[in-house]
Amino acid sequence: MISGRLAKEFGTHLPLIPGYDVAGVVEKTGAKVTKFKKGDAVYGYALFGGGWAEFAVLAENEAALKPRTATLPMQPPFRWQR
């Protein structure tokens, strides 16, 4: 693993920073980005890893705006049987 001989098989680049699920605040956007602006709260999936890093770079289609509120059902869809 350390030598990197399996990196080509798994399609990764070394050094590999693990983590795929990301959430945070946009610090900077590229010139062609239209869906996000600096300060937007977002979540996404980093296709090539890097989610555990302090900063992550995602394509515009790999992220979405976080919803302001999330509604959950008041009662679970099942009931504990005794």
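Values reported hereafter were calculated over all heavy atoms of this structure, with side chains retained and with hydrogens, waters and symmetry mates removed. Counting from 1, the numbers follow the sequence of the chain as shown.
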Asks: At their closest point, which heavy atom of Gly44 faces which heavy atom of Leu58, and how far apart are they?
Replies: CA-CD1, 4.4 Å
Asks: Side-chain contact, heavy-atom cut-off 4.5 Å: Lys35 with Thr29?
Replies: no
Asks: What is the minimum heavy-atom distance between Ala56 and Val22, and which atoms define it?
Replies: CB-CG1, 4.3 Å
Asks: Might you point out which heavy atoms bring Pro67 and Tyr43 nearest each other, and give the distance in Å?
Replies: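 Looks like CD-CE2, 4.2 Å.
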Asks: Other members of the hydrophobic cluster containing Val26, with the 4.5 Å side-chain heavy-atom rule, please.
Replies: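 Under the 4.5 Å side-chain rule, Val26 groups with Val33, Phe36, Val42, Leu65.
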Asks: Is there a donor-acceptor pair under 3.5 Å between the side chain of Glu27 and the backbone N or O of Lys38?
Replies: no
Asks: Name all residues meeting the salt bridge (charged side-chain N to carboxylate O under 4.0 Å, His left out) criterion together with Lys37; count only those two or more places apart in sequence or in a different chain, and write none if there are none.
Replies: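 Lys37 satisfies salt bridge (charged side-chain N to carboxylate O under 4.0 Å, His left out) with Asp40 only.
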Asks: So, for Asp21 and Tyr45, which heavy atoms are closest and what is the spacing to 0.1 Å?
Replies: OD1-CD1, 3.3 Å
